[in-house]
Protein chains: 2
Amino acid sequence: MLGSQLEMKKLINDPLDAPAEFLAGLALAHSDLLRVSLDPVYVVRADAPVPGKAGLLSGGGSGHEPMHAGFVGRGMLDAACPGAVFTSPTPDQIQAATRAANGGAGVLHIVKNYTGDILNFEMAAELCQAEGIDVRAVVINDDVAVEDSLYTAGRRGVGATVLAEKICGAAAERGYPLAEIETLCRKVNRRARSVGMALTPCTVPAAGKATFELAEDEIEMGIGIHGEPGRERLPLLPAAELIARMAGMVVADLPFRSGDQVIAMVNGMGGTPLMELYIVYRELHHILEGLGIRIARRLVGNYITSLEMAGCSLTLLQADDELLSLWDDPVLTAGLRWGL
Amino acid sequence: MLGSQLEMKKLINDPLDAPAEFLAGLALAHSDLLRVSLDPVYVVRADAPVPGKAGLLSGGGSGHEPMHAGFVGRGMLDAACPGAVFTSPTPDQIQAATRAANGGAGVLHIVKNYTGDILNFEMAAELCQAEGIDVRAVVINDDVAVEDSLYTAGRRGVGATVLAEKICGAAAERGYPLAEIETLCRKVNRRARSVGMALTPCTVPAAGKATFELAEDEIEMGIGIHGEPGRERLPLLPAAELIARMAGMVVADLPFRSGDQVIAMVNGMGGTPLMELYIVYRELHHILEGLGIRIARRLVGNYITSLEMAGCSLTLLQADDELLSLWDDPVLTAGLRWGL
């Protein structure tokens, strides 16, 4: 590609190399936190395997950064295995990453509910179990927008993944055994709900064209993180109306009730300015306050993205003392950091 | 606006209310860190004024979030006064914010070099001095792209502002007197250089149309953070070529030399995915390594943005032991956090 002209407006070299060059950059910037294997591709904590600690592994297609590679570090993931953009990682990647994350106490696979991811994680888990590694898997399926989707049977796994990785990562750091972390991860998934929307599509580098079409005056409500169709197309709406609809879908589903305290994530899809995300947060705060639901902790920013897509997603997790305490534990990763 | 259709793809309500609603959301999300005054508009540390501590104030147009309001908190700014989008704050805002930041040890104004900002900060400083507040000002002018620009005589102030706010904020927290912080801020500005580029323009909410036009196959090299014209228009180039040009401009200007260690910022303009920013970081790392320049510390992410503009900027600061030590001090703000 050098010397030639790119065919899309991206800060990349060869489109096919983008995920690997991202990982190389991540490793150069954060060599204190993580290292990268390129064959097969995975990212692992700099000090992995941590003897006696249950390992935490997640993975999926690239293009959702900082998730998952940006969440490898202290108090979160031990390893991540990113596939090509919006493409499941292969079983051999997952297997190698599982080995690297295993400090002798087994490894939890946190898997977003996409058919390809499920199949490949299951295959890798069988291979690892045959080697004597205790592997458990929890499937995240928090997206209330649609039942079944382009790449999914049942509900898609989205923002709850970020919360599960933080909370289970803290538990692993505290020394929880694998079985308890598995239970905890199921609890997070059971109590969390999300929905997303898109103002614009994004362009997968290797494809070179937008994942879908949206008119100048319409948005996609209930979008998937790979541009899968949502629940409906709507005209452009003011943030107040839009967030009222989204919060309504999320709250009604669990349902969240008056008196609940929640961990809330207002997540940008990649191309949305921070100004807009805090405007969204303000709307969400007032809507939940009106319902008697208190936001006890929050994340506002880009955590689970779709390349440069403009839009946002909301995730609510019904919290209790255990979840809040684990949430507050220190974390040190490229994408999420406090207390360290 | 409620009930009507928006005329641009943004997560906002009335375009004119966007900056104030952003601040309201920021205050709701981070009430432990900061509070917001709406008349006149400014943001101030929750515990301000801190008695005996020199105060740090910055400000400028909105639309560059997280700068500056997102940098108010422990170890960084005491106060920020944001104007309308891409519009200087008024003298009365700056005056009120200076009072709120003054714990009796005076206040440093960190001012980006734009003519309107300079005039209004100077007027506010005179008003505050007449009240007996010791006010000093340092003008940041690190952008090597162009001499004089649409809103600027001399060089524009860009990324070095973020580094100056972090480093001077740490010094203030340590108890440095105002005069020493002023000297330190001049040192940061003297040793820092930046350049930016845009793949796409952005849309100011109140204007409703793009700040400038770029063809599908061209980029603007040396762009300003308000969409001011840069040095030249170029065809789309691979990241390796683009970053070689940008790093070359920055390195040659100071000049940075073999043996230097630097604090490097790879900054996204708002609409650029993290994947691309780390690809840029990888290029920068290798270019500097080839020149014998070592990146001792780095920031990779969205810190000084132009709404949803796609593109990036590079900032290098020639570091020494004092600057690195202050850099490593804890910081707790909405936009930058470590150690707390």
Side-chain angles (χ1 to χ4, degrees), chain A residues 1-14 18-19 21-22 24-26 28-29 62-63 65-66 70 199-200 216-217 219 235-242 270-282 285 298 300 302 305 307-308 310-312 334-335 337-340, chain B residues 1-14 18-19 21-22 24-26 28-29 62-63 65-66 70 199-200 216-217 219 235-242 270-282 285 298 300 302 305 307-308 310-312 334-335 337-340:
Chain A
M1 285 300 291
L2 290 187
S4 70
Q5 202 173 316
L6 278 176
E7 284 169 20
M8 68 202 87
K9 286 201 161 180
K10 289 182 182 289
L11 297 168
I12 59 174
N13 294 301
D14 187 322
E21 292 186 357
F22 158 72
L26 192 75
L28 288 169
S62 293
E65 291 70 24
L199 293 166
T200 68
E216 274 305 301
D217 59 353
I219 63 173
L236 286 172
L237 290 171
E241 288 185 42
L242 198 62
T272 295
L274 200 60
M275 179 187 281
E276 298 178 27
L277 297 181
Y278 277 100
I279 290 173
V280 167
Y281 181 81
R282 174 179 168 273
H285 173 97
R298 79 282 306 148
V300 182
N302 295 313
T305 63
L307 296 168
E308 74 281 2
C312 72
R337 178 172 184 176
W338 56 73
L340 291 168
Chain B
M1 284 300 290
L2 290 185
S4 70
Q5 202 172 318
L6 278 177
E7 284 170 20
M8 68 202 89
K9 286 202 162 180
K10 290 182 182 289
L11 296 168
I12 59 174
N13 294 301
D14 185 320
E21 291 185 358
F22 158 72
L26 192 76
L28 289 169
S62 294
E65 290 72 25
L199 293 165
T200 68
E216 273 305 300
D217 60 352
I219 64 172
L236 286 173
L237 291 171
E241 288 185 43
L242 198 61
T272 295
L274 201 61
M275 178 186 282
E276 297 178 30
L277 296 181
Y278 277 100
I279 290 173
V280 167
Y281 182 81
R282 174 180 169 273
H285 174 98
R298 79 283 304 148
V300 182
N302 295 313
T305 63
L307 296 168
E308 73 282 1
C312 72
R337 181 173 182 173
W338 56 74
L340 290 170

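Quick note on labels: first sequence line is chain A, next is B, and so on, each numbered from 1. None of these values were measured; they are calculated from a predicted model.
The nearest pair of heavy atoms linking B/N13 to A/A239 is OD1-N, 3.2 Å. Across B/Y281 and A/G25, no two heavy atoms sit closer than the pair CD2-O, 3.6 Å. Between B/L236 and A/M8 the shortest heavy-atom distance is CD1-O, 3.8 Å. Closest heavy-atom contact between A/M275 and B/S62: CE-CB, 3.9 Å. Between B/G271 and A/E308, the shortest heavy-atom contact is O-CB, 3.7 Å.
One distance of note links CG of B/L307 with CG of A/L274; it measures 11.0 Å at 0.5 Å rounding. To the nearest 0.5 Å, the span separating CG on A/L340 from CZ on B/R337 amounts to 10.0 Å. In this structure, OG1 on B/T272 lies 9.5 Å from NZ on A/K10, to the nearest 0.5 angstrom.
For the set A/E276, A/E216, A/E65, the entry with the most heavy-atom pairs within less than 4.5 Å of chain B is A/E276. Note: A/L26 leads A/I219, A/V280, A/L26, A/L277 in heavy-atom pairs under 4.5 Å with chain B.
Looking at A/L242, the atoms closer than 4.5 Å to chain B (heavy atoms on both sides) all sit in the side chain, from C-beta outward. Of the two parts of A/R298, only the side chain, counted from C-beta on, holds a non-hydrogen atom closer than 4.5 Å to a non-hydrogen atom of chain B. When heavy atoms are compared at a cutoff of 4.5 Å, B/A18 approaches chain A by way of both its backbone and its side chain. Of the atoms belonging to A/T305, not a single heavy atom falls under 4.5 Å from chain B.
A/L199 has its side chain within reach of B/L11: a pair of non-hydrogen atoms, C-beta onward, lies under 4.5 Å apart.
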